[in-house]
Amino acid sequence: MHDTTLGPTDSDALASETRALERRGRLHWVHWLVLLLSLLITVFAWHQSSKAVEERTNHDFEQQADQIVGMFQERLQVYANFLQTTVGFVSGTESISPTEWRRFAAEVNVEKRFPAIISLGIVDEVPSGMMAAFIEDQRKHWPTFPTPELSEEIDVYYQVVQVWPKQIEKRIIGLDVGSDANRLEAVTKALKNGSLQTTPPLLPTGRDSLAFLMFTGFDRSFAEPDVAHDAGRAARGVVAATVLVEDLIAGILDKERRLLSITVSDQNEVIYDESGSANRSVDPNPEHVRSQDIEVFGRMWHLEIKDTRAFRKKNASIGPMLIVCGGLLIDVLLLTLFLLLSRSNRQALSYAERAGRRLLEMNKELESFAYIVSHDLKTPIRGIDNLAEFIEEDLAAYRKGGNDGPDIDNHVKRIRRQVAHSNKLISGIQAYSGLDKKPECSARVDAREMLEDIRETLGVRTEQLVLEGEFPVFDTYETRLAQVLANLVGNAFKYHHDVANAQVIVTLERIGEWLRFSVADNGPGIASRFHGTIFDLFETINTDPAIDSTGVGLSIVKKTVDLMGGRVSVRSSPGDGATFTFDWPIHVEEVGRSPFRPNDDVEFLEAA
C-alpha cells in the first residue's frame with residue numbers, strides 16, 4: 001500500500017498552487033532578463049549604427065581631403081607650367097620691349113587664366129663689370145631706369161627689366177631682386193639647378209594678404225656671352241611671378257561650397273587660415289583634422305585640413321538616435337506590458353481567491369444540503385417501507401379469511417419497488433457528490449482479477465465476458481477503477497434486450513503512460529443524438545419499466561475518469577451495440593494532471 005491519497009482539493013496542494021500563482025503575479029526575473037536583453041540589443045544596435053556613421057564620415061573626410069590636396073598640387077603645377085612657357089618665350093627672344101611684354105601677357109590672358117598672379121616680370125642677371133652698358137641699353141626702353149649702387153663685394157646683380165601689369169612699372173622696373181637674402185637665395189637656386197624655386201611668404205605693397213615669389217631661370221644660349229656683354233644685354237636671368245596664396249587656394253574650390261577648411265603654413269608661419277573665416281560653417285573645434293606636408297618648389301608647406309559644421313551636417317545621421325529612441329520605446333512598452341500582465345494576474349488571482357472561497361462555501365452548503373435532503377428523504381421512505389411491511393403482515397391474516405384481493409399483492413410490491421428505487425437514487429446522489437471528497441489509498445490491483453470478480457458479482461457465464469489484451473498488475477485506486485468497470489460492464493448486461501445471449505468484450509491497450517479500456521457489447525446500441533447527454537446526471541434513455549435506472553451510473557463513470565485525468569467516450573449506433581472507451585493512468589501520480597492525452601489528434605471525446 002502507498003500513502004498517496006486522492007484529493008484534488010487538498011489544502012497543501014491548493015496553497016502551493018496559490019503561492020506559485022502569486023509569484024507569477026509579480027515581475028519575474030525572466031521579465032527583467034528580457035528587458036535587459038532588449039536594452040543590450042538596443043545599445044549594441046546603436047553602437048554598430050554609430051560606428052557605421054563614423055566610418056562613413058571618416059571615409060568621406062579622407063576622400064575630400066585627398067581631393068583638396070590633389071587639386072592644390074595640380075593648381076601649383078598649372079602655374080609652374082605657365083612660368084616654363086614664359087621662360088620659353090623669353091629665351092627665344094634676344095631683347096623684349098615693354099610693348100612686346102604687355103602683348104604677351106594680354107595674349108596669355110594672365111589676369112583671367114591665372115588670377116593668383118598679381119605681377120609677372122623678367123629679371124636679368126647682370127655682372128658688375130657690364131652694369132654701365134646694361135643701364136645704357138635699358139634706358140632705350142626706360143629713360144628713367146635707375147642706376148644701382150655698386151659694391152665691391154657684389155659680383156652679380158639681378159635687375160627687373162620687364163613687369164606686368166603696367167601700373168607697377170615705375171615702382172618695379174630697375175629693382176634689384178638680389179637685395180633681399182630670401183629672394184637672392186631662390187634666384188640663385190633657380191639659375192644653378194635649372195628648377196623652379198619659391199620664396200618665403202611676403203606682404204605685397206598695397207595688399208592685405210600674403211604672397212610668395214616663383215622664379216624659374218632662362219638662358220639665351222643662342223648669343224655668345226661676350227657679344228651679349230658688349231651689347232649690354234644679359235645672357236641669363238629668371239622669370240618672376242608674384243602669387244597671392246588666398247587667390248591660389250580660392251581657385252581650387254570655392255570655400256563657400258567646400259565642406260572642409262584649410263590652413264597653410266610655411267615653416268611655422270601661417271600664410272593662409274580659414275579658421276577665423278567669416279564663414280559661419282567653419283568650426284573652431286573640428287572633429288576631424290588632417291595634417292600633411294607638401295613640397296612646393298624648394299620649400300615645405302604644411303597643410304592642415306579640418307571639417308566644418310556644414311560637413312558634419314551633411315554626414316549627420318539620425319539613425320543611431322532613432323535606434324536608441326525605438327529601443328527605449330520598446331523597453332518601455334515591454335515594461336508596461338509586464339506590469340499590466342502582473343496587475344492582471346494579481347487581479348485574476350484575487351478574483352479566483354474570492355471565487356474559490358465562495359465556491360468552497362457553496363460546496364459546503366451543497367454537501368450539507370445533500371446530507372440533509374438524503375437524510376430527510378430516507379426517513380419518510382423508510383417509514384413507507386415499514387408501513388408496506390406492516391401491510392404485508394396484516395394481509396397474511398386477511399388472506400386466511402378467504403378475502404384475498406387479486407391486486408393487493410401487486411400494489412404492495414410496486415410500493416416496495418418504488419421505495420427501493422428512491423433509496424438507490426438517493427445513494428447515487430451521495431456517491432456522485434462525494435467522489436472528489438473521499439480520500440483513497442492506492443493499492444496493488446490485478447485488472448484481470450478485478451473483471452473476473454465483477455463477472456461473478458453479475459452472475460453471468462464466463463463466455464459472456466471476454467477479456468482481450470494484456471491486463472497488468474499495477475498500483476492504482478482500486479475502488480475508483482472497480483466502480484468505473486462495474487458500471488460499464490453492468491450496464492452492458494443490464495440494458496441488453498436478451499441477457500442470456502449478451503456478450504461483453506473488454507479490451508485493454510497500453511498507450512504511453514496510459515491504459516485504454518474498451519467495453520463493447522452486442523446490445524441494442526445508442527442513437528448518436530444521445531451520445532452527448534448519457535453522461536449527464538439523472539439522464540437515462542431507458543424506456544423499459546422493468547429496468548430500474550437512476551441515470552447516475554455513467555455520470556459517476558465520467559466524473560471518476562475526469563478526476564484521474566483521463567477521458568471517456570462512446571461509439572454506437574442503433575442495432576450495432578455500444579463501445580465505451582476510457583483512459584486510465586498507469587501511475588497514480590498522474591491523478592488530476594495529465595500532461596499526455598493519447599491520440600489527441602483523433603476525435604476521442606465523442607460524448608463530452
(message) As a quick check of understanding, evaluate salt bridge (charged side-chain N to carboxylate O under 4.0 Å, His left out) for Arg102 and Glu169, giving each step before the final call.
(response) CA-CA 11 Å; Arg102 296 185 199 114; Glu169 289 177 348; 2.9 Å; yes
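- Using a 4.5 Å cut-off on side-chain heavy atoms (C-beta onward), Ile294 and His302 make no contact.
- For Glu111, the CD atom is loosely surrounded, since the number of other residues' heavy atoms within 6.0 Å does not exceed 12.
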(request) I would like to know whether Arg183 and Glu185 meet salt bridge (charged side-chain N to carboxylate O under 4.0 Å, His left out); could you show each step before the answer? (result) CA-CA 5 Å; Arg183 291 182 300 199; Glu185 180 182 4; over 6 Å; no
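- Shortest non-hydrogen contact noted between Leu120 and Trp101 is O-NE1, 3.3 Å.
- Thr147 and Arg139 share a side-chain donor-acceptor pair at under 3.5 Å.
- Salt-bridge annotation for Arg236 and Asp219: absent, with no side-chain N of the basic residue lying under 4.0 Å from a carboxylate O of the acidic one.
- In Leu37, the CG atom is crowded: over 12 heavy atoms of neighbouring residues, nucleotides or ligands sit closer than 6.0 Å.
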(message) With side-chain contact (heavy atoms from CB on, under 4.5 Å) as the criterion, how do Phe114 and Val108 come out once you've worked through the C-alpha distance, each side chain's angles and the decisive distance to 0.1 Å?
(response) CA-CA 9 Å; Phe114 307 97; Val108 174; 4.0 Å; yes
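- For the atom pair Ser291 OG and Lys306 NZ, the distance stands at 8.5 Å (nearest 0.5 Å).
- For the atom pair CD1 (Ile330) and CG (Leu337), the distance works out to 12.5 Å, reported to the nearest 0.5 Å.
- Between Gln77 and Arg75, the side chains place no donor N or O within less than 3.5 Å of an acceptor N or O (distance only, hydrogens not considered).
- Of the N and O atoms on the side chains of Gln267 and Arg299, at least one donor lies less than 3.5 Å from an acceptor on the other residue.
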(request) Report the C-alpha distance between His141 and Ser95 in whole Å, list the side-chain angles of each, state the deciding distance to 0.1 Å, and finish with yes or no for side-chain contact (heavy atoms from CB on, under 4.5 Å). (result) CA-CA 11 Å; His141 304 293; Ser95 177; 4.0 Å; yes
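- In this structure, Phe104 and Phe89 have parallel ring planes: the angle between them is below the 30° cut-off, well short of the 60° mark.
- Residues Ile262 and Ile68 meet the side-chain proximity criterion, which asks for heavy atoms closer than 4.5 Å.
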(request) Go through Phe212 and Leu244 one step at a time and tell me if the side-chain contact (heavy atoms from CB on, under 4.5 Å) criterion holds. (result) CA-CA 7 Å; Phe212 63 94; Leu244 282 176; over 6 Å; no
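- Looking only at atom types and distance, the side chain of Thr263 has a donor-acceptor partner in the side chain of Asp273 under 3.5 Å away.
- Here the CG atom belonging to Asp124 is positioned 9.0 Å from the CD atom belonging to Gln162, to the nearest 0.5 angstrom.
- Checked against side chain to side chain contact (heavy atoms under 4.5 Å, CB included), Ser344 has no partners two or more places apart in sequence or in another chain.
- The minimum heavy-atom distance between Trp142 and Pro98, with the atom names listed, is CZ2-CG, 3.1 Å.
- When each of Val264, Val270, Asp266, Leu203 is checked for a side chain to side chain contact (heavy atoms under 4.5 Å, CB included) with Leu210, only Leu203 meets the rule.
- Looking at Ser38 and Asp331, their side chains do bring a donor and an acceptor atom within 3.5 Å of each other.
- In plain terms, the two heavy atoms of Gln159 and Gly174 that are nearest each other are OE1-O, 2.9 Å.
- Rounding to the nearest 0.5 Å places CE of Met130 at 10.0 Å from CD1 of Ile135.
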(request) Kindly determine whether Arg290 and Asp307 satisfy salt bridge (charged side-chain N to carboxylate O under 4.0 Å, His left out), including the steps that lead there. (result) CA-CA 9 Å; Arg290 174 172 169 181; Asp307 65 6; over 6 Å; no
Determine all donor-acceptor pairs shorter than 3.5 Å in which one atom belongs to a side chain in residues 47-55; sequence neighbours excluded.
{"unit_1": "Ser50", "atom_1": "OG", "unit_2": "Trp46", "atom_2": "O", "d": "2.8"}
{"unit_1": "Ser50", "atom_1": "OG", "unit_2": "Trp46", "atom_2": "NE1", "d": "3.3"}

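- Heavy atoms from other residues, nucleotides or ligands lying under 6.0 Å from CD of Glu149 number 12 at most.
- For Met300, the CE atom counts as densely surrounded, since its 6.0 Å shell holds more than 12 non-hydrogen atoms of other residues, nucleotides or ligands.
- Residues Ile168 and Pro165 form a side-chain contact, since some pair of their non-hydrogen atoms from C-beta on lies under 4.5 Å apart.
- Listed for the Thr199 side chain is a donor-acceptor partner under 3.5 Å among the backbone atoms of Leu213.
- Heavy atoms from other residues, nucleotides or ligands lying under 6.0 Å from CG of Asp208 number 12 at most.
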(request) Could you give me the CA-CA distance, side-chain angles and deciding distance for Phe61 and Leu259, then say whether side-chain contact (heavy atoms from CB on, under 4.5 Å) is met? (result) CA-CA 9 Å; Phe61 174 80; Leu259 298 178; over 6 Å; no
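- Side-chain atoms of Asn58 and Glu62 form no donor-acceptor pair, as typed in the model, at a separation below 3.5 Å.
- More than 12 heavy atoms of other residues, nucleotides or ligands shown are found within 6.0 angstrom of CD on Gln292.
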(message) Arg516 vs Asp583, test: salt bridge (charged side-chain N to carboxylate O under 4.0 Å, His left out). Steps then yes/no.
(response) CA-CA 5 Å; Arg516 174 166 292 180; Asp583 295 324; 3.1 Å; yes
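- Between Tyr272 and Trp301, a ring centre-to-centre spacing not shorter than 6.0 Å is recorded.
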